[in-house]
Protein chains: 2
Amino acid sequence: MSNLINISEAASLALHGLVLIAKNQPLRMNVKVLAEELNASQTHLAKVFQNLSKAGLVRSLRGPSGGFELNKSAEDITFLEIYEIIDSKIMLGECPLGKNHCVFQSCIFDNELNRISTDIYDTFKKMKLSDF
Amino acid sequence: MSNLINISEAASLALHGLVLIAKNQPLRMNVKVLAEELNASQTHLAKVFQNLSKAGLVRSLRGPSGGFELNKSAEDITFLEIYEIIDSKIMLGECPLGKNHCVFQSCIFDNELNRISTDIYDTFKKMKLSDF
DNA sequence: TCTATTTAGGTACTTAAATTCCTAAATAGA
DNA sequence: TCTATTTAGGAATTTAAGTACCTAAATAGA
């Protein structure tokens with residue numbers, strides 16, 4: 001793997017799927033169609049959207065002609081929000097390696113990792129569904 | 001997990017261990033002592049240093065009073081080199097999610113991820129063992 | 001009302017990466 | 001030469017993510 005930035009397949013699916021849904025508004029889209037368009041695993045995508053739905057980002061409707069639609073305006077959905085729902089909440093300012101105790105008094109990374117983490121956070125926050 | 005930047009425990013152990021060794025020059029240090037000072041898993045650290053040794057970054061000596069020592073000057077060892085030995089070679093310019101094909105013509109991340117990846121790469125490259 | 005469709009949710013399986021375990025090989029020192 | 005120490009290397013285990021499977025619940029449309 002050569003991913004310097006930690007974004008799971010699931011979070012990527014969420015973003016890409018939501019972009020399609022945003023573009024397709026005001027019509028709903030179901031998992032089958034989304035998976036086909038994204039050339040992705042249908043079951044995985046279904047699980048991801050189940051979580052987005054539980055978190056209130058999308059509304060779901062079952063049955064024929066059912067599917068998912070945005071539950072808020074595309075301008076109000078940032079990738080940060082998506083990321084935190086699917087992957088995990090971002091904690092800035094802590095050790096970027098997740099260590100509580102460190103043998104070195106001053107971080108040997110000299111806050112460079114925190115600088116970059118903040119950059120990533122800000123970038124994720126700026127990325128809105130409506131930009132795509 | 002809340003690590004935005006993908007640095008494995010192994011790569012972190014490698015960096016922290018090498019810093020200790022650099023500071024302790026010209027004396028060797030063995031895995032047992034290193035693990036104690038870093039408060040880390042001895043077996044894992046051993047495996048990591050086995051790989052650093054195979055890659056030529058450190059020299060090893062077995063037996064009593066054995067251990068590891070740097071195989072090149074601390075100024076010439078960057079965290080980038082350590083990272084690429086332990087985690088993986090960094091490929092810039094490719095899809096930061098590792099996708100070969102994308103349904104969107106232009107990356108929906110609008111090269112922001114590539115910008116950050118390049119920043120990380122440059123930062124890793126600037127970090128030398130002698131800085132610590 | 002019945003049926004086909006679609007999401008919900010729990011469980012199980014698969015895979016790759018990370019980590020640990022175990023035995024062999026080397027070597028310093030007694 | 002013998003023993004204790006230390007790294008080497010392969011195998012095994014653990015863990016987490018991704019994926020699949022199955023049944024239930026909802027609902028639109030016939």
Side-chain angles (χ1 to χ4, degrees), chain A residues 1-18 21 27-36 38-71 83 85-88 97-99, chain B residues 1-3 6-14 17-18 21 27-36 38-71 83-89 97-99:
Chain A
M1 201 246 305
S2 101
N3 280 18
L4 283 171
I5 308 173
N6 238 344
I7 299 175
S8 71
E9 172 77 11
S12 168
L13 283 179
L15 175 65
H16 286 78
L18 286 169
I21 290 176
L27 280 64
R28 271 193 287 276
M29 292 185 83
N30 66 44
V31 166
K32 194 164 171 230
V33 170
L34 282 174
E36 275 163 9
L38 291 175
N39 196 25
S41 150
Q42 190 173 326
T43 54
H44 197 198
L45 198 64
K47 196 56 81 181
V48 167
F49 268 81
Q50 195 177 309
N51 289 327
L52 292 177
S53 175
K54 219 183 314 186
L57 217 61
V58 294
R59 238 188 325 264
S60 69
L61 191 74
R62 302 185 194 189
S65 86
F68 296 93
E69 60 195 353
L70 297 189
N71 199 29
Y83 182 90
I85 291 169
I86 302 298
D87 283 355
S88 68
L97 299 174
K99 297 283 180 191
Chain B
M1 198 250 306
S2 100
N3 280 18
N6 237 344
I7 300 176
S8 71
E9 171 76 12
S12 167
L13 284 180
L18 286 169
I21 290 176
L27 280 64
R28 271 193 289 275
M29 291 184 82
N30 67 45
V31 166
K32 194 164 172 231
V33 170
L34 283 174
E36 275 162 11
L38 292 175
N39 196 25
S41 149
Q42 191 173 325
T43 55
H44 197 198
L45 199 64
K47 189 58 76 182
V48 167
F49 268 82
Q50 192 177 313
N51 288 326
L52 293 176
S53 174
K54 219 183 315 185
L57 217 60
V58 294
R59 240 189 322 265
S60 69
L61 190 74
R62 302 188 195 186
S65 85
F68 296 93
E69 59 194 355
L70 297 188
N71 200 27
Y83 182 90
E84 294 199 315
I85 290 169
I86 302 297
D87 283 355
S88 68
K89 205 91 179 144
L97 300 175
K99 298 281 183 193

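Chain naming here is simple, since letters A, B, ... match the order of the sequence lines and numbering starts at 1 in each. Predicted model, so just to flag it, every value in this text is computed and none were measured. Hydrogens, waters and symmetry mates play no part in the numbers below; they use all other heavy atoms, side chains included.
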Among all residues two or more places apart in sequence or in another chain, which pass the side chain to side chain donor-acceptor pair (under 3.5 Å) test with B:E84?
B:K89
Could you check how far CG of B:L13 sits from P of C:dT19, rounded to whole Å?
8 Å
Hey, is CG on A:N51 packed in by over 12 heavy atoms from elsewhere, all under 6.0 Å?
yes
Review item, side-chain donor-acceptor pairs of residues 56-68 of chain B, under 3.5 Å, at least two apart:
unit_1, atom_1, unit_2, atom_2, d
B:R59, NE, B:E69, OE2, 3.0
B:R59, NH1, B:N71, OD1, 2.7
B:R59, NH2, B:L70, O, 3.1

Rounded to the nearest 0.5 Å, what separation is found between the CG atom of B:N3 and the CD1 atom of A:I5?
13.0 Å
Please state how far atom CD in B:Q42 lies from atom C1' in D:dA8, giving the value in whole angstrom units.
15 Å
Starting at CG of B:N3 and ending at P of C:dA17, how long is that distance when rounded to a whole Å?
18 Å
Between P on C:dT20 and CD on B:E9, what's the gap in Å once rounded to a whole number?
8 Å
Within this structure, what is the CZ-to-P distance between B:R59 and C:dT27, rounded to whole angstrom?
14 Å
How far does CD of A:Q50 sit from CG of A:L52, to the nearest 0.5 angstrom?
10.5 Å
Can you tell me how far P of D:dA17 sits from CD1 of A:I86, to the nearest Å?
13 Å
For nucleotides 2-10 of chain C, give me one character per nucleotide, 5' to 3': B if any protein heavy atom sits under 4.0 Å from the base, S if the only such contacts are to the sugar-phosphate, - if neither.
--BBBBSBB
Would you say A:T43 reaches D:dT19's phosphate, i.e. side-chain N/O to OP1/OP2 under 4.0 Å?
no
Could you list the donor-acceptor pairs under 3.5 angstrom formed between side-chain atoms of residues 41-49 of chain B and any protein atom two or more places apart in sequence or on another chain?
unit_1, atom_1, unit_2, atom_2, d
B:S41, OG, B:T43, OG1, 3.2
B:S41, OG, B:H44, N, 2.9

Only pairs at least two apart or in different chains count here, so list each salt bridge (Lys or Arg N to Asp or Glu O under 4.0 Å) that has a residue in residues 48-57 of chain A.
none
Provide the closest heavy-atom pair for A:S8 versus A:I86 in the form atom of the first, atom of the second, distance.
OG-CG2, 4.4 Å
Quick one: stems for DNA chain D, with Watson-Crick or G-U pairs under 3.5 Å, at least three in a row?
C:1-30 with D:1-30
Here the pair of heavy atoms bringing B:L13 nearest to B:A40 is CD2-CB, 3.5 Å
Between A:R28 and A:A11, which residue's closest nucleotide on DNA chain D lies nearer the 5′ terminus?
A:A11
